[in-house]
Amino acid sequence: HWNEEFETNYPTDANGGPTNILKEDAARVKQIYDTEATYGLIEWPDSLTNFNPKVCEYNSAYCCWPRDRQANDNNGNCATPYDKKCHDKDPADNTNLCYVDLERGQMSSGHPSKTGYELFPFDDPNDTDRGEGPIHCHGLAWSEEDSDASAVYKGNNLFFISMYDHMHNRGYVENIPGSPMCACTEQMPIVERADCTEIDVREAFKITYNGEEGFSAEVTEIEIDFNACQGFDRYGHQDNNDLWSYMNRLYHEGKVSADKLAYLSQMLVGEEPDNCDIATDRFMKEKGYVTGYEHSSLWQPVASKGAFGKTYVGDFAFNTLMNESPNKIVRRVCADCYEAHQDIYYKRMEETLTPEELDVLDILDNLANVRSKQEGHEWNKNFQIFSTYADAVKGENPWTCPDTYQYGRGFPGRCGPEGYDKRSFANQETRFVWSEGKRDVRFYVERNTQRTGPQTELTPVDSTDVGDVAYPGATFETTKPDGSQRLFMSASGRDIWDKKDEFHFMHSTTTGDVELVANIVDLKHKSQWTKTGLMVRDTLDSDSKYCAILRTGTNGVHFQYRGQTNAYTHARNTYTDKENTKPWVKIIKSGTICSGFISATGEDDDWQRVGEPVHIDIGDPTEYIGLVLSAQNDGHIAEVTVDDYEESYYECTEVNNNRSMRRRTMLA
């Protein structure tokens, strides 16, 4: 009854006053708090299904409330007059509701489903109807030792939390659908966190000596104080009024076992960004579902993260696609955004964009990473945003920005369509390099489906990151109009230097002697020591032996190597070609000899050796060979475009005691 009750003037009581006054109707709760709850012992209600010992094995319980039914208590947003300002009102928000597994709470909720679930993908404390709305959770935990005060008086603590402090004093009522309002942890919804109350108990004992019967003792006086829990967070810092942190304290004090803390960690998943989403994704994967989006052939993916997989084609590949795009439209799909921001369209306002202009603009990087106003990227001057593809093509119904486009927040600048609460425009952006903002995002470029002749297709090429890079690299292949192949690679990475490397590697494996050739068409870099080129490597470990011919950002070409595992890298006679007049690079590994070359044309008679060959024992029995790229600044993404990549393998045979070479060639 109290769950449904709220004060009203319609009808009135016999004296014309309000009826259904929660605090008056529940006055018995205050009486119990002033007596048994504070000065006595309240038994744990294990006869109730919510607290049955069979489903209460992890020494914790909590309540979650979605409604406030009482005004003028400085908690929640119920206000007077009740009939106008206290219908379906909200408690003070203190958590993010992740999901409800209906099987967990069916003993108490009566819901018959064993496979059903409810998902709450958006935390919405502002109650803009884009998410769950404000939710308030509060709980307790107790020692495994039955004589510990936290266990002896846990019934008192449960009464204080559920009946007195929250229902009587604050007016918090109702349950999350599909789960009990209050129960042991095993039956409750999965949330980010819960507040916490612990008890301080003062007991007086009477000890009696009974001769041959010895001593006996009885409790003569009890006084309990109910206080915010004191505990330690996941980083060991003091964190009060938090249920997980209090359980963590009990664990470190030896009062609960590790499995109790671990179980609570699955129910209270923590307040780090995306923890709720990660927990929900894991739960859904167990159910056989994963987040995704099926796009049509009109759209070419160019960048993605989260549930869509990590991909970033880079501006070189993006510009190739954008140059062919008929309307210069970029689409962003965001699975974990609010509805209005889940599928949006960015359109350039210029009638035409030349390839040279595209190269300067770096549109993809600006959309996916930049957090400042850049020339050529001004809202309503260079681009507009739309809710539908049709609107974008026609230039109709562009988005508005309630204040101004917030460049510091990134795309889409806290803007949105007309008719939506502008509060829902916040926190809908994403950033790729540092994995900020929304998690499950993919960008697309519009294809030119009317184009005659070859259509640019980006095909992923197997490649891998070596070392602990900040953002994963990727390699894509496309066919040029003349039928030849072109490679696009993007990468972060600290460097290929010192004792450990961080870079992206498009590689194959072979044995014996090998020759690699590539034409480095273009290199985008934000460091003078960005490195790209060809490598022969012993293993994929970051400290592996290798030899490589590498073009840098602005410091010419280097032939460098690491002669022993976990040794320092050395460079052989740097050849300075800062103007990139010789974009072709070649590396030859023959036996234990490794040599690097550069060329202006790639013709057989035009190769110039860089430095002296090195003796290095690589490939026992297998060696890794291929194209590499390292940004030399893990906070940025470098890109390279490569043509005419070729791998040639040599096999030795003996005919009439003379050695000969047989050549096999593979084009990427």
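FYI, side chains are in, hydrogens and waters are out, and symmetry mates aren't considered; it's all heavy atoms of this structure.
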Any side-chain heavy-atom pair from [X] and [Y] closer than 4.5 angstrom?
X: Asn382; Y: Met349; value: no
X: Val269; Y: Cys98; value: yes
X: Ile637; Y: Tyr471; value: yes
X: Leu550; Y: Thr532; value: no
X: Asn319; Y: Asp359; value: yes
X: Asp362; Y: Lys524; value: yes

Task: Residues His507, Thr464; criterion side-chain hydrogen bond (donor to acceptor under 3.5 Å, both in side chains); working and verdict - done: CA-CA 8 Å; His507 65 81; Thr464 189; 5.4 Å; no
Any ion pair linking [Y] and [X] (charged N to carboxylate O, less than 4.0 Å)?
X: Asp643; Y: Arg486; answer: yes
X: Asp68; Y: Arg170; answer: no
X: Arg331; Y: Glu446; answer: no
X: Asp468; Y: Lys500; answer: no

So, does [X] use its side chain to make a donor-acceptor pair with the main chain of [Y] at under 3.5 Å?
X: Asn175; Y: Ser179; value: yes
X: Glu502; Y: Gly493; value: no
X: Thr95; Y: Arg193; value: yes
X: Asn241; Y: Ala228; value: no
X: Asp90; Y: Pro134; value: no
X: Thr530; Y: Gln632; value: no
X: Asn75; Y: Asp73; value: yes
X: Gln428; Y: Tyr338; value: yes
X: His341; Y: Gly416; value: no
X: Ser325; Y: Arg447; value: no

- [ ] Using the salt bridge (charged side-chain N to carboxylate O under 4.0 Å, His left out) rule, take Asp239 and Arg234 through it: C-alpha gap first, then chi angles, then the decisive distance, then the call.
- [x] CA-CA 9 Å; Asp239 186 27; Arg234 288 165 169 82; over 6 Å; no
TODO: Go through the steps for Tyr389 and Trp299 under the test ring pair (Phe, Tyr, Trp, His ring centres under 6.0 Å), then give the verdict.
DONE: CA-CA 11 Å; Tyr389 174 65; Trp299 302 99; 5.5 Å; yes
- [ ] Show your working on side-chain contact (heavy atoms from CB on, under 4.5 Å) between Val360 and Glu357 and close with a plain yes or no.
- [x] CA-CA 5 Å; Val360 172; Glu357 289 171 331; 5.9 Å; no
Ring-ring centroid check [X] [Y], cutoff 6.0 Å:
X: Tyr172; Y: His136; result: yes
X: Tyr99; Y: Phe283; result: yes
X: Phe316; Y: Phe318; result: no
X: His377; Y: Tyr407; result: no

Heavy atoms only: give me the nearest [X]-[Y] pair and the separation to one decimal.
X: Thr280; Y: Leu119; value: CG2-CD2, 3.8 Å
X: Ala79; Y: Cys86; value: O-CB, 3.7 Å
X: Tyr312; Y: Ala303; value: CD1-CB, 3.9 Å
X: Thr400; Y: Cys415; value: O-CB, 3.3 Å
X: Val466; Y: Ser542; value: CG1-CA, 3.9 Å
X: Pro412; Y: Arg332; value: CD-NH1, 3.8 Å

Open item on the list: Between Val640 and Arg551, is the side-chain contact (heavy atoms from CB on, under 4.5 Å) condition met? List the steps.
Closed with: CA-CA 11 Å; Val640 65; Arg551 175 165 292 283; over 6 Å; no
Spacing of [atom1] belonging to [X] relative to [atom2] belonging to [Y], to within rounding of 0.5 Å:
X: Asp315; Y: Ile363; atom1: CG; atom2: CD1; result: 8.0 Å
X: Arg69; Y: Cys78; atom1: CZ; atom2: SG; result: 9.0 Å
X: Glu639; Y: Met489; atom1: CD; atom2: CE; result: 12.0 Å
X: Cys196; Y: Tyr62; atom1: SG; atom2: OH; result: 13.0 Å
X: Thr388; Y: Lys394; atom1: OG1; atom2: NZ; result: 8.5 Å
X: Ile496; Y: Phe505; atom1: CD1; atom2: CZ; result: 9.0 Å

TODO: Could you go through the side-chain hydrogen bond (donor to acceptor under 3.5 Å, both in side chains) check for Thr552 and Asn555 one step at a time?
DONE: CA-CA 5 Å; Thr552 66; Asn555 290 315; 4.8 Å; no
- [ ] Take Arg348 and Met322, measure what side-chain contact (heavy atoms from CB on, under 4.5 Å) needs, and give me the verdict at the end.
- [x] CA-CA 10 Å; Arg348 297 295 300 186; Met322 195 70 166; 4.0 Å; yes
TODO: Compute both the distance and the angle, then confirm whether Lys347 meets the cation-pi test with Phe383: under 6.0 Å from the six-membered ring centre, within 45 degrees of the axis.
DONE: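 No, Lys347 does not sit over the ring of Phe383.
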- [ ] Answer yes or no: is the gap between the SG atoms of Cys137 and Cys63 smaller than 2.5 Å?
- [x]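 Cys137 does not pair with Cys63 as a disulfide (SG atoms not under 2.5 Å apart), so no.
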Review item, side-chain donor-acceptor pairs of residues 436-443, under 3.5 Å, at least two apart:
{"residue": "Lys438", "atom": "NZ", "partner": "Asp336", "partner atom": "O", "Å": "3.3"}
{"residue": "Arg439", "atom": "NH1", "partner": "Asp281", "partner atom": "OD2", "Å": "3.2"}
{"residue": "Arg439", "atom": "NH2", "partner": "Asp281", "partner atom": "OD2", "Å": "2.5"}
{"residue": "Asp440", "atom": "OD1", "partner": "Ala307", "partner atom": "N", "Å": "2.8"}
{"residue": "Arg442", "atom": "NH1", "partner": "Tyr444", "partner atom": "OH", "Å": "3.3"}
{"residue": "Arg442", "atom": "NH2", "partner": "Phe308", "partner atom": "O", "Å": "3.2"}

Side-chain donor-acceptor contact under 3.5 Å, [X] with [Y]:
X: Asn633; Y: Arg494; value: no
X: Asn380; Y: Gln384; value: yes
X: Thr475; Y: Glu477; value: no

Exceeds 12 heavy-atom contacts within 6.0 angstrom, atom [atom1] of [X]:
X: Lys287; atom1: NZ; result: yes
X: His295; atom1: NE2; result: yes
X: Glu396; atom1: CD; result: yes

Task: Identified salt bridge (charged side-chain N to carboxylate O under 4.0 Å, His left out) counterpart of Asp365 within the set Arg371, Lys526, Arg431 - done: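 Option passing the salt bridge (charged side-chain N to carboxylate O under 4.0 Å, His left out) with Asp365: Lys526.
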